[in-house]
Amino acid sequence: MNIIGSSNARVGLPIGMAVLRKGGSALDAVELAIRAVESNPLDHTVGLGGLPNLLGTVELDASIMDGSTRTAGAVGGVRRFEHPISIARRVMQDLPHAFLVGEGAERFALECGFEETDLLTAEAQEIYQRGLRDGKAGAPHASAVLRAMVGRLAMQPERASGKDAGTVNVLALDGHGHLAAGVSTSGFAWKYPGRVGDSAVIGAGNYCDNRYGAAACTGRGEMAIRAATAHSIVMYLRAGDGPDGAGRRAMEDLNDLEDPYFSAMNCVVLTPEGHHAAFSSEETAMYVFMDESSVEVQEAPRTFVRVAAGRA
Ligand code: GLY
């Protein structure tokens, strides 16, 4: 039994591990661990307290995948619901679909009985306003404001690759040998309204197959979408690489992607044997994990792999 995640999953991992220790499923462990992160108002990259889009509206993306059946559920651009990961799971379980966006996803959430809430905290609003004040000067249209914002982010890699483009990843292996993967995010801060990132795109930010392994990404979602990064990792596992080789190869694939804005990628990998690895395009990034013998959340450095620097 193992559960691993991005650093910000620390608040949820003990909850997920408790599920696994009681004989619960990897899917339940992933969902409950991510719900704890979605409820953390101090995390400005996920759920409640997430930073809003360009117009000041918090839009959430999430996905979940069951490695035993390769069924998946995803939602994109969801407003006013704190737990998109749970809506994604209901999409997977209750509908003949894998992906709902916007108003349809919100309608479905209401039908499922999820409660609406205001996701924009005072702190997130203040960060948003401050950023907008700087980025908005002289740019009357939303797309121009966004270009100005992204230009500024590219100058501030710690913001571009860390807080503002953050996300939560959780992967779990249960006592029955089943894998599950989940991802949840408020996405790229100041994003163009309607932008959906890799977190909601199965194969890009999330992929899981009991036969080979599970993988998930955080960082610049557009890169993971272009390279199908999570699916690539699992396919490299299938081809015979271990988690270290598979993650490294998928990160190196990103080097060919020209990007005029910025480049940033992080991924986590978990195999059916419980071996795990994590990678980052930042030199000092960490990830977190627990196994059945863990008394507390453990932390380890991610392997640094350079991906293409933003090319103007
Ligand atoms: N990786 C999260 C996003 O790009 O929205």
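In each ligand, atom 1 is the first atom listed, and ligand 1 is the first ligand listed.
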| Ligand-residue contact atoms, ligand 1 with G187, heavy atoms, under 4.0 Å | 5 (O)
| message | Please list, in number order, the atoms of ligand 1 under 4.0 Å from a heavy atom of G219. | response | 1 (N), 2 (C), 3 (C), 4 (O)
| task | Please work out which of the three classes, parallel, tilted or perpendicular, describes the rings of H276 and F289, given edges at 30° and 60°. | result | tilted
| message | Is G205 close enough to touch ligand 1? Criterion: a residue heavy atom under 4.0 Å from a ligand atom. | response | no
| field | Salt-bridge present (E222, R195; N to O < 4.0 Å) | value | yes
| task | Would you check if there is a donor-acceptor pair between the side chains of D61 and T185 at a distance under 3.5 Å? | result | no
| Remaining members of V183's ILVMFWY cluster at a side-chain heavy-atom cut-off under 4.5 Å? | none
| note | ligand 1 to T167, heavy atom cutoff 4.0 Å, flagged ligand atoms 1 (N), 2 (C)
| Among the heavy atoms of R195, does any lie under 4.0 Å from an atom of ligand 1? | yes
| Path from V78 to F99 over hydrophobic side-chain contacts below 4.5 Å | no
| For ligand 1, which atoms have a heavy atom of F188 less than 4.0 angstrom away? | 5 (O)
| remark: D198 heavy atoms within 4.0 Å reach ligand 1 at atoms 1 (N), 2 (C), 3 (C), 4 (O)
| Got an N/O contact under 3.5 Å between G221 and ligand 1? | yes
| field | Nearest-0.5 Å distance, NE2 of residue H83 to CG of residue L32 | value | 10.0 Å
